[in-house]
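Take a look at the structure below.
Below, read A as the first sequence line, B as the second, and so on, with proteins coming before strands; counting in each chain starts at 1. Source: prediction; values computed, not measured.
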Amino acid sequence: MSAERRSNFLRTQIQADLEAGRVRELVTRFPPEPNGFLHIGHAKSITVNFGLAEQFGGQCHLRFDDTNPEKESQEFIDSIQEDVGWLGYQWAGEVRYASSYFEQLYQWALYLIDEGLAYVCDLSAEEAREYRGTLTLPGRDSPFRDRGAPENRDLFERMRQGQFADGEKVLRAKIDMASSNMNLRDPILYRIRHAAHHQTGSEWPIYPTYDFAHGQEDAIEGITHSICTLEFEDHRPLYDWFIAQLPVPNRPRQIEFARLNTSYTITSKRKLKQLVDEGAVTGWDDPRMPTIAGLRRRGYPAAAIRHFCEEVGTSRSDGTVDVAMLESAVRDHLNQHAPRAMCVMSPLRLTLTNLAEPLALTVPNHPANPEFGSRELMMGSELYIDQADFREEANKHFKRLVLGKRVRLRGGLVIEAESCEKDADDNVIRVLARCVTSVPGTDPEDGVKPKGVIQWVSVAHALPATIRCYDRLFAVPEPGREEDALAALNPQSLKVVEGAMVEPGLSEAEQEQVFQFEREGYFVADRYDHTAERPVFNMTIGLRDTWSASHG
RNA sequence: UGGGGCGUCGCCAAGUGGCAAGGCAGCGGGUUUUGAUCCCGCCAUUCGGAGGUUCGAAUCCUCCCGCCCCAGCCA
């Protein structure tokens, strides 16, 4: 993790709380509801919570906020744990579940009833909405608001026993129906749901709401700073109200920060699901998806994602970070950590007319870091180069191979194109060239140095590979504003290259290993589809390109 | 138009009364067997606006403007 951490309001506040002795040790938590896959926005929350604990020598819990069984499942519990672990974090202790506190929460609900601070309400959902009032008009008291504690207790116990149908009754806090904060207009604490829960089975027919559960969960676990996103700010008075009224063992404190938004990205669960359901992507872990699983399959390193989150900073102002910043973090990490290799995307046959014997080359795996070692590459007289790297004629800006001109073969000799062969459609199908140097790494004796370098693969040793080239999923900066998520899709987000040729050593690439294919970009051996016999690479991100955009 | 927040460079973001960090993007130049990397330089006389307090204001006060959130038995 980065050595110097920029200050932000969370770090400042926690530092102050620690110094003032208000808390002895920092305890945070990452509390997802297991109702979907984690995405880049969650990564931000994860790095904030785990990062804070790490910085201040505290601990961070992983807690599933599983208070709404109908939307949740074990599948998500598993994927979330995998994603958090992959991001590089280990939660303190066992995984926790809000559902394991259901009995305690129930007892606290009874406590509130006995204190005259909660009541069972028989209003239907629609009626309750009417009674609640509007943003500008106060609400009205429920006709059930003044039931006595004994009656409320009896009713609530019967709710717990499953004697009422879904929606028939709810338990509400008795606060203030005229509050300007809607959350304080007698919020619902429990609703009846005769639904199986992935953790507690059919044990409970009633489930606590987020508002009644979250702060108490925090208190039970000894969370000192309950960090959440800005939209919960209006809930804080309620959070504090429960903590003040209940005999909880600790007094956690809620602090909100602005959630992360990135350009060219959507994080709406509903819209992401639409992409999956309608086949716009291959699944939740499609390399174009903003999910952690997708980013991972795309080859984005966890360390780069963490660094990106740190670079973005944490504040309370809404905004949208340019996704180029994420891409920059990925390139920066991969430039330092990815070994180099050669790949020819669109093979064009190149014959070296004067190379008598195949040449054994020793090529470094990284241009700047000797620790990456080197590899042996055989260069025979028959090679593949990229079609884009040859032109019969070109202006001086074209630094690749041109008839009569020279270019250096990466890690090998300097060659000069002599002629080319074409098919009936006038496409160049073969280039003939002669070597103008005989020793790798040297310049031509006549002093005419090549202007450029191109990658190549030896025909005799080439390994055919499938390369999946990805681009941004969306063509517009703010696809989230589009009602129909599919309308903003970038039609060019995936191009599958079947006939690519890679150097032979790549047969040993391990799944999820990332390489830089020189002059092309970073590519990861697909986590599932890549095999030694049938190599499959996903383009993680292209190299920064300051040339092709301005030239063609 | 009730309440709660937020407004510092194109995008993030530090700054908490003492004279506007940094990153990304962009633009110049250098090095280079990746048109990559790396290196050097440029990029806010000004902090949403207008007043005010002060020797001094992005930081304090007043008013105004803009944007976001809240009326689920979702989280």
Side-chain angles (χ1 to χ4, degrees), chain A residues 4 6-8 12 31-33 35 65 67-68 70-71 121 123-125 128-130 132-139 166-172 179-185 187-193 206-207 209-211 213-214 228-237 256 258 260 262-263 308 310-329 331-332 335-336 340 342 363-364 367-368 397-400 407-412 414 440-441 443 449-455 477 516-521 542-548 550-551:
Chain A
E4 61 278 17
R6 170 180 37 195
S7 84
N8 64 48
T12 302
E33 181 187 17
N35 67 347
D65 214 352
T67 57
N68 188 8
E70 290 169 312
K71 294 185 171 183
C121 180
L123 250 28
S124 69
R129 194 189 326 124
E130 286 169 28
R132 191 155 34 230
T134 69
L135 294 178
T136 50
L137 292 174
D166 288 8
E168 207 175 324
K169 294 182 177 353
V170 292
L171 182 70
R172 295 227 247 169
S179 174
S180 53
N181 181 342
M182 300 297 287
N183 298 117
L184 264 21
R185 318 248 263 226
I188 290 166
L189 276 41
Y190 272 90
R191 63 299 211 193
I192 300 170
R193 285 276 184 288
I206 57 173
Y207 291 94
T209 55
Y210 165 85
D211 283 314
H214 206 90
C228 61
T229 43
L230 249 25
E231 67 268 27
F232 290 101
E233 196 163 14
D234 290 339
H235 293 245
R236 194 170 67 226
E256 314 83 18
L260 169 69
T262 51
S263 60
F308 163 69
E310 174 59 31
E311 283 296 303
V312 162
T314 307
S315 76
R316 285 174 65 83
S317 59
D318 293 304
T320 300
V321 175
D322 191 339
V323 76
M325 207 163 153
L326 206 210
E327 296 170 341
S328 169
R331 286 196 186 95
D332 186 54
N335 175 50
Q336 296 173 60
R340 314 283 124 125
M342 291 196 282
V363 182
H397 296 298
F398 189 76
K399 292 166 58 177
R400 291 109 102 150
V407 81
R408 188 185 301 275
L409 294 175
R410 180 64 160 162
V414 176
D443 288 329
K449 294 208 275 189
K451 280 187 294 190
V453 184
I454 62 175
Q455 74 273 28
Q516 184 198 96
F517 289 166
E518 294 198 77
R519 302 210 310 130
E520 292 287 355
L543 254 25
R544 186 160 167 271
D545 183 357
T546 53
W547 185 76
S548 65
S550 51
H551 300 73

Under 3.5 Å, is there any donor-acceptor pair linking the side chain of A/N181 to the base of B/G4?
no
Looking at A/T209, I'd like to know whether one of its side-chain N or O atoms comes within less than 4.0 Å of OP1 or OP2 on B/G72.
no
Pairing partner of B/G35 (Watson-Crick or G-U wobble, both distances under 3.5 Å)
none
Touch check for A/F308, heavy atoms < 4.0 angstrom, all strands: base, sugar-phosphate only, or nothing?
nothing
Interatomic distance, OG1@A/T134 vs CE@A/M182, rounded to 0.5 Å, equals 6.5 Å
Checking N1-N3 plus N6-O4 or O6-N4 for Watson-Crick, or N1-O2 and O6-N3 for wobble, each under 3.5 Å, the partner of B/C6 is B/G66
Counting the atoms with a prime plus P, OP1 and OP2 as sugar-phosphate, which does A/G452 contact under 4.0 Å by heavy atoms, base, sugar-phosphate, or nothing?
nothing
Counting the atoms with a prime plus P, OP1 and OP2 as sugar-phosphate, which does A/G441 contact under 4.0 Å by heavy atoms, base, sugar-phosphate, or nothing?
base
Watson-Crick/G-U partner (both atom distances under 3.5 Å) of B/A20:
none
Classify the nucleic acid contact of A/P367 as base, sugar-phosphate or nothing, counting any heavy atom under 4.0 Å across all strands shown.
base
Is there a donor N/O on one and an acceptor N/O on the other, under 3.5 Å, for the side chain of A/R400 and the base of B/G35?
yes
Which is true for A/L184 with a 4.0 Å heavy-atom rule: it touches a base, it touches only sugar-phosphate, or it touches nothing?
nothing
Which is true for A/H214 with a 4.0 Å heavy-atom rule: it touches a base, it touches only sugar-phosphate, or it touches nothing?
nothing
Is there aromatic stacking of A/W547 on B/G35 here, judged by a ring-centre distance under 5.5 Å and a plane angle under 30°?
yes
Closer than 4.0 Å, any side-chain N/O of A/R340 to the OP1 or OP2 of B/U34?
no
Calculate the interatomic distance between A/F232 atom CZ and B/G72 atom C1'; express it in whole Å.
12 Å
OP1 or OP2 of B/G2 sitting under 4.0 Å from any side-chain N/O of A/R132?
no
Side-chain N or O of A/R191 versus OP1/OP2 of B/C74: is the shortest distance under 4.0 Å?
yes
Using a cutoff of under 3.5 Å, can you pull out all pairs of nitrogen or oxygen atoms linking the protein to nucleotides 6-8 of chain B, with atom names and distances?
unit_1, atom_1, unit_2, atom_2, d
B/C6, OP1, A/R316, NE, 3.4

Show me the protein contacts with nucleotides 38-41 of chain B, counting only N or O atoms at under 3.5 Å.
none

Side-chain donor/acceptor of A/Q455 to base of B/U34, under 3.5 Å
no
Tabulate protein N/O versus nucleotide N/O from nucleotides 15-21 of chain B, keeping only pairs under 3.5 Å, one per line.
unit_1, atom_1, unit_2, atom_2, d
B/G15, OP1, A/S7, OG, 2.1

